[in-house]
Amino acid sequence: MVRRNDQQILYLMKKITRHSLLAISSREIAMAIVLPFRRLWQVRLAFLLIAIFTTSWSLAGQTCDCTDYIYLNDEDFNVVHKFRVNSADGSVMEIGDPWFDASIVAPGLAPHGVAGDLNGAIFIGQNFVGNNPIMKIGCTGNLIDAGAIPDLNHALTNMGSRDGIIYTTNDDEDVIAAYDQCTGALLGQINVHGGGGEVSFWGYYQDDTNWYVVDRELNCVYTGSLDISLYTFPPTNEGTELFCLDGVNRGMGLTRDADGNWYIVVRQGFSGGSNGVAIQKYSPTGTLLATINNDGDQGPNMGNGEADFWGARGIVYSPMSNLLYVSSLENCISVFDTALVQQSSLNIGNPAGGAPKGIGILTECCPTNTMLAIDETICFSGTNETVFLQELIDCGSNGGICEGTWTNTVTNSNFSFDDCASTVTVSGAGCSTFELSSPGTNSNAQCPEFTITVEVCASAPPGNDTPTTTA
């Protein structure tokens, strides 16, 4: 009679013979080693080390093609444009015509504000339309939810996203608000500088831990934490002043380069009337380093490759091209290097005379393998743990795979799958399998057809009860 432990070993030997070592999951290897010695904690430790080793090995085989994409709102024409950034020369190419037409939701929405979540969904705000709901759109331009956050109830200027939460700035209140991007619920608020009077946070930038805003009324840059535990009712004062602008007012767009230098679009006091603008570069500590003014021309450029940036509003930095991209009323996009030298040949005109304002940039990736399997082991200590499935696919470059849909193909009662946030909450030992797949048939798709299978297993840490495994 062959015991179950021996059956496991025989099964693995056959799999090596018929296929290859790469076809064997980390769970299978770990079980084969652990089963004969289930009562020894030292071997339970080996189980965890082997699982972690093979997980890293699997992930090391994953390669991605990552690219920066610019999203640009045109309020006048009620559309959102998407541009692919060529990292070699900094040029941009439009995706779709346009990428998203907001008139399918309602006429006159005035798209305003751009944010992208970990899973690649794009959130586009609206301004001056009812209660200013925020739309959720797939990165191929498919509408997911016209009212993902249905009741913003304030004039939206800009926003960002982190770990399933949307952070919004306000045109007339001293707060940053946090919303659950799946339920739309307001989770809490924090005060930026705790002062009264007129405030208006147009420029917004976000890194892994903090938000940054420029107040176009007080003309200073402030920062605060994205830690959701700080967002309360009523809000507390959590913002910190970084620096104030040098001799100008009406700070609009805000971004930062790889060296930590700041770039701010400032409006008022320059040639070109009420839309006369300049771009200023500041050191990480707030020392003014350079300024470039628009040349005073007014009106949209009819063709590409024409200079200037009259009526500029937003600004983003592409780490892949090391260039700055500015939205304006003169050009849809005006391009600058980090010394604020305009790269006029790369500029995209505004022949229709729209109002390109809100601009955002995201790094989006495609897997280079059309079929891929990844194993991931979680050390379960008895406390529920929530994991974003996207984080289990290591594309690097601070980017993720935005195309495709996650499904839970092999379920387990200890693994709760949230198909909105694309997360799994682990409440016990065992395994569950998830699949990210895309047919690659959407006209705006940038990735060919692919399928990624992720098996997530949870085991007890050394010293606890023997890990629960499945046959």
Side-chain angles (χ1 to χ4, degrees), residues 25-27 55 58-59 61-67 69 115-123 135-146 148-149 161-166 180-184 362-378 380 384-428 430-442 444-458 470:
S25 71
S26 62
R27 174 174 160 264
T55 294
S58 297
L59 288 176
Q62 162 64 9
T63 56
C64 300
D65 177 19
C66 298
T67 304
Y69 289 88
D117 74 359
L118 178 66
N119 297 305
I122 312 303
F123 292 82
M135 300 176 285
K136 181 179 181 180
I137 308 167
C139 68
T140 57
N142 56 301
L143 179 65
I144 298 174
D145 191 343
I149 299 177
S161 171
R162 181 200 179 204
D163 293 347
I165 299 170
I166 296 293
D180 186 303
Q181 70 180 43
C182 286
T183 67
L362 297 171
T363 301
E364 299 173 2
C365 304
C366 294
T368 55
N369 300 316
T370 58
M371 298 291 291
L372 180 70
I374 296 174
D375 296 336
E376 183 74 13
T377 298
I378 297 170
F380 179 69
N384 290 4
E385 180 177 352
T386 298
V387 178
F388 284 88
L389 292 170
Q390 185 71 231
E391 292 184 332
L392 304 183
I393 305 174
D394 182 13
C395 280
S397 302
N398 294 317
I401 298 173
C402 72
E403 296 181 19
T405 302
W406 283 101
T407 54
N408 189 185
T409 56
V410 179
T411 60
N412 183 311
S413 59
N414 288 334
F415 292 72
S416 178
F417 174 56
D418 184 334
D419 61 354
C420 174
S422 297
T423 59
V424 55
T425 299
V426 181
S427 58
C431 295
S432 187
T433 303
F434 305 87
E435 187 175 278
L436 176 64
S437 61
S438 172
T441 55
N442 186 291
N444 291 333
Q446 301 300 294
C447 303
E449 180 180 3
F450 67 84
T451 298
I452 299 175
T453 301
V454 179
E455 183 184 54
V456 182
C457 292
T470 55

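Computed from a predicted model, the values in this text were never measured in an experiment. Numbering starts at 1 and runs along the sequence shown.
- Here the side chains of Ile393 and Leu436 are in contact, with some heavy-atom distance below 4.5 Å.
- Judged by distance alone, the side chain of Thr368 and the main-chain N or O of Thr63 form a donor-acceptor pair under 3.5 Å.
- Looking at Asp65, its side chain never comes within 3.5 Å of a backbone N or O of Cys366 through a donor-acceptor pair.
- With sequence neighbours left out, Asn442 forms a side-chain contact (heavy atoms from CB on, under 4.5 Å) with Thr140, Asn444, Ala445.
- Atom-to-atom distance recorded for Thr386:OG1 and Asp418:CG is 9.0 Å, nearest 0.5 angstrom.
- Remark: Phe417 CZ to Thr411 OG1 distance equals 12.0 Å, nearest 0.5 Å.
- Heavy-atom minimum distance, Cys447 versus Cys365: SG-O, 3.8 Å.
- When all heavy atoms of Gly428 and Ala458 are compared, the closest pair comes out as O-CB, 3.4 Å.
- Of the residues Val456, Val410, Val387, Thr433, the one that meets the side-chain contact (heavy atoms from CB on, under 4.5 Å) test with Phe415 is Val456.
- Between Lys136 atom NZ and Cys420 atom SG the span is 4.0 Å, to the nearest 0.5 Å.
- Smallest separation of non-hydrogen atoms from Gln446 and Glu403: N-OE2, 2.6 Å.
- Shown here for Trp406 and Val454, the closest heavy-atom pair between the two residues is CH2-CG2, 3.9 Å.
- Considering only heavy atoms from C-beta on, Thr67 stays 4.5 Å or farther from Glu364 through its side chain.
- The line from CD1 of Ile401 to SG of Cys66 is 8.0 Å long, rounded to the nearest 0.5 Å.
- Residue Thr405 holds its OG1 atom at 10.0 Å from CG of Asp419, rounded to the nearest 0.5 Å.
- The shortest non-hydrogen separation linking Phe450 to Pro367 is CG-CG, 3.6 Å.
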Item to check | Candidate pair Thr451 and Glu435, rule side-chain contact (heavy atoms from CB on, under 4.5 Å), full reasoning | outcome: CA-CA 7 Å; Thr451 298; Glu435 187 175 278; 3.5 Å; yes

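- The two residues Phe388 and Gly164 come nearest to each other via the heavy atoms CZ-N, 4.0 Å.
- Residues satisfying the side chain to side chain donor-acceptor pair (under 3.5 Å) test with Asn408, not counting sequence neighbours, are Ser432.
- A donor-acceptor pair under 3.5 Å links the side-chain atoms of Ser438 to the main chain of Gly440, judged by distance alone.
- The OG1 atom of Thr183 sits 8.5 Å away from atom CD1 of Ile149, with the distance rounded to the nearest 0.5 Å.
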